[in-house]
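First comes the structure, then the notes that go with it.
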Amino acid sequence: MNDITSPKQVVAEPLSYLKLRHLAAYLQKTREEERARIAREIHDELGQLLATVQMGMSMMAEEYRDHQKLSAKISDFDQLLREAVKTVQRISADLRPQMLDTLGLGDALEWHAQEFQKRTGIDCTLTLLLQREHFNPEVATAIFRIFQETLTNVIRHAEATRVLTTLQEKRNHLILVVRDNGRGITPGQSRGSHALGIMGMRERAYMLGGRLKIFAAPEQGTIVITRIPVTPKEKGKLPHGKNTHC
Ligand SMILES: Nc1ncnc2c1ncn2[C@@H]1O[C@H](COP(=O)(O)OP(=O)(O)O)[C@@H](O)[C@H]1O
Ligand SMILES: [Mg+2]
């Protein structure tokens, strides 16, 4: 039946849809791990180094405080160093906010919403209705990245003046809603083959058994709703709600 003498035909097998999804998930995971490692290194090593230089600077400032010209120069360098420390903190937090791992998802979203408002001047409200601080790290990362990408889209495309966001834990699901009051989105824009950012967000939610829906709000603007299942919380903990105007 099997003619082993005939030459074998080698056909490059195209990647199946499922394999592509696995590949996307794998790449996403390794990218996230790599970012966390780089963020740690920048924060710890470069941060440490700058702190040491800052200490040396203060000692010099003390030693040369009677030398007018020199102490003015030292003060200039000290200012530059302060900016360098801030930049290091910002870059490392942008790569991966450590508070996602330490303080939890709600605080990390709050921090990002505040940064967003400071940077853009767009009014941003975040309401947290969570029953705990910590979730499975993959779920927390997915929600955080979707939040980041959605707010980036608001800056780039919405022409909005206001964003209302909510993160709620309900019936073993985390539900993230981001609503802006901008010009709105069309189905063509959200489903088009160029919508790689939205595709990436959908994929993140899908990989964790969740869904992401995006549509134009009835009156004005765009709504992005993400639902991701979470394991039930331990019994005995009371829910806590929080409303922050960032
Ligand atoms: N909040 C929004 N308001 C209006 N249009 C939006 C919004 N978010 C996304 N869009 C539209 O959807 C398109 C696809 O978004 P996305 O996949 O993130 O790609 P990109 O941001 O790289 O253009 C955008 O080019 C834009 O036309
Ligand atoms: Mg985008």
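Numbering of residues begins at 1 and proceeds along the displayed sequence. First listed ligand is number 1; within each ligand, the first listed atom is number 1.
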Hey, can you tell me if Phe147 and His112 have their rings parallel, tilted or perpendicular (30° and 60° cut-offs)?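 Ring orientation of Phe147 relative to His112: perpendicular.
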
Note, [X] side chain near [Y] side chain (heavy atom, < 4.5 Å):
X      : Y      : answer
Leu174 : Leu105 : yes
Val154 : Phe116 : yes
Leu126 : Thr166 : no

N/O to N/O below 3.5 Å, does that happen between [X] and ligand 1?
X      : value
Ser190 : no
Asn153 : yes
Gly197 : yes
Arg156 : yes

Residue pair [X] / [Y]: nearest heavy atoms and the distance that separates them:
X      : Y      : result
Thr141 : Arg204 : CG2-NH1, 4.3 Å
Ala217 : Arg179 : CB-NH2, 3.6 Å
Ala195 : Ser190 : CB-O, 3.9 Å

Shortest protein heavy-atom distance from [atom], along with the residue and atom involved:
atom                    : result
atom 21 (O) of ligand 1 : His157 NE2, 2.7 Å
atom 11 (C) of ligand 1 : Ile185 CD1, 3.6 Å
atom 13 (C) of ligand 1 : Gln189 O, 3.8 Å
atom 1 (N) of ligand 1  : Asp180 OD2, 3.0 Å

Ligand-residue contact atoms, ligand 1 with [X], heavy atoms, under 4.0 Å:
X      : answer
Thr222 : 1 (N), 2 (C), 3 (N), 4 (C)
Ala195 : 14 (C), 17 (O)
Glu149 : 18 (O)

[X], portion touching ligand 1 at heavy-atom distance under 4.0 Å:
X      : value
Leu196 : backbone
Ile198 : both
Met199 : neither

- prompt: Counting backbone and side-chain atoms alike, does Thr152 have an N/O/S atom under 2.8 Å from the Mg ion (ligand 2)?
  reply: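 Checking Thr152: none of its N, O or S atoms is under 2.8 Å.
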
Modelled atom types, side-chain donor and acceptor of Asp123 and Thr161, under 3.5 Å |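 The answer is no; no qualifying pair exists.
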
Does the cation-pi check pass for Arg21 over Tyr206, that is, NZ or CZ under 6.0 Å from the six-membered ring centre and within 45° of its axis?
->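 Checked: cation-pi criterion met.
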
task = Would you please test Glu45 and Arg40 for salt bridge (Lys or Arg N to Asp or Glu O under 4.0 Å) and show each step?
result = CA-CA 8 Å; Glu45 302 202 8; Arg40 249 193 328 268; over 6 Å; no

message: Go through it in stages, so that I can follow the logic: the residues are Lys118 and Glu115, the test is salt bridge (Lys or Arg N to Asp or Glu O under 4.0 Å), and I'd like the CA-CA distance, side-chain angles, deciding distance and then a yes or no.
response: CA-CA 5 Å; Lys118 259 194 265 166; Glu115 288 295 306; 3.2 Å; yes

When you measure from the heavy atoms of Gly184 to every atom of ligand 1, does any distance fall below 4.0 Å?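 Under 4.0 Å: yes for Gly184.
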
- Can you name the N/O/S atom of Glu149 that is nearest the Mg ion (ligand 2)?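 Considering only N, O and S atoms, Glu149 comes nearest to the Mg ion (ligand 2) through OE2.
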
